[in-house]
Amino acid sequence: MRIELKKFGAVLTSRPAGKEAYLAAKAYSLPKNKKEKIEVDFSGVMVLAPSWADEFFTPLFAEYPNVVTLLPNHNASIRAALEIIGMNMSQELH
Amino acid sequence: MKTNTHTIIYELIRSSGGITPRQIITAVKHHPTGIFKHLKALQDKSHVYKVGKMPKVRYYAYTNNMPDDSKTMLPAMNWAASGDARFATEDTLAPTRDVLHARTERLIKELKKILPNENLIYLLTAVAGEIGNNSFDHNLGQWQDTLGVFFQLDTTARTIIIADRGQGVLATIRRVRPDVLTDDRALEVAFTEMVSGRAPEKRGNGLKFVKKVISENYLHLTYYTGTAMAEINRRGLRIKKSTFSIPGTLAIITF
């Protein structure tokens, strides 16, 4: 399945918003089968801060190990936020 | 005469509160090559710093980071230092995260009017959002008087000012690092170490993100807390004593 982050907003900056987004995704979007592949699509997101990213991606990767892929995106804010929390997109961009 | 030109350029930068190389060349009326040599020497001596990339470069004097005559800087500084409500308007205060979020979204629209680089706009917004949300993360229930943050964009001075009347960085850091005793040491820890009392969350990375974005994108940040201040530019982080005291935090991003 593919999860579109733009559905949580174009400006993703705070910890509470990130946590709320993860809980909402878990309740309504994420698969019940934890072996199903999940693609995270950043298109449409303008700003991602590490606080939001930490609250969303840390539990996502913990609860769905080895099945989550972060789709490539050129946005510098997204790349910088993911880098600072130690996460990378699935492939290098050119 | 070389020394005299050197002084003239420095005084020009100091008194201007931010000036372009073209303005310096026009004012000094010397060959550009010589001017740039002086500018490099002034930077090497840490008398001035530059913000931006050619052709959008401006030079600032270190002693002039907080010009007293700035119509936006002075109210922010006074509000952060005193909490005096006269220095903050409804437009500049964000008492809740929701208001702060609306301000950060508006920041994108305002920055798009003056900056052509969308990636830089998004990075600046992420930095401003991170600093502003930090205030809420660490001060809920701990505000000294006014709730929330002071948040203001000055498109003329090209600054984003974010301040709070919270407990300051030292009080926050000491909860997880009781060995930290001073404001300057607290700033150093906050900007360089991963401090987290809530593993496996990667808390404590917000200001490291801020430092990385500022230094890698030719921006400038002055961050005050207590009696210390941190300056970040492309050369990295420099922490020193401040000439005035800010109980919470005051951040000035120059772009």
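Lettering follows sequence order; numbering is per chain, from 1.
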Taking a cut-off of under 4.5 angstrom between non-hydrogen atoms, the residues of residues 35-47 of chain A near chain B are A/Met46, A/Val47
Region of B/Thr125 that comes under 4.5 Å of a non-hydrogen atom in chain A:
both
Contacting region of B/Leu100 [heavy-atom separation from chain A under 4.5 Å]
neither
Shortest non-hydrogen contact from [X] to [Y]?
{"X": "B/Asp137", "Y": "A/Pro16", "answer": "OD1-CD, 4.5 Å"}
{"X": "A/Ala80", "Y": "B/Leu123", "answer": "CB-CD2, 4.1 Å"}
{"X": "B/Ala126", "Y": "A/Ser77", "answer": "CB-OG, 3.9 Å"}
{"X": "B/Glu130", "Y": "A/Thr13", "answer": "OE1-O, 4.4 Å"}

Surrounding NZ of A/Lys34 (heavy atoms of other residues, nucleotides or ligands, distance under 6.0 Å), is the total greater than 12?
yes
Counting heavy atoms not belonging to B/Asp179, are there more than 12 under 6.0 Å from its CG?
yes
Side chain, backbone, both or neither: which part of A/Ile78 has an atom under 4.5 Å from a heavy atom of chain B?
neither
Side chain, backbone, both or neither: which part of A/Ala81 has a heavy atom under 4.5 Å from chain B?
both
Is any side-chain heavy atom of B/Asn205 less than 4.5 Å from a side-chain heavy atom of A/Pro50?
yes
So ring-ring contact (aromatic ring centres under 6.0 Å, His included) across residues 97-146 of chain B, not counting sequence neighbours, yields B/Phe136-B/Trp143
With rounding to the nearest 0.5 Å, note down the distance linking CZ in B/Arg97 to CZ in A/Arg15.
9.5 Å
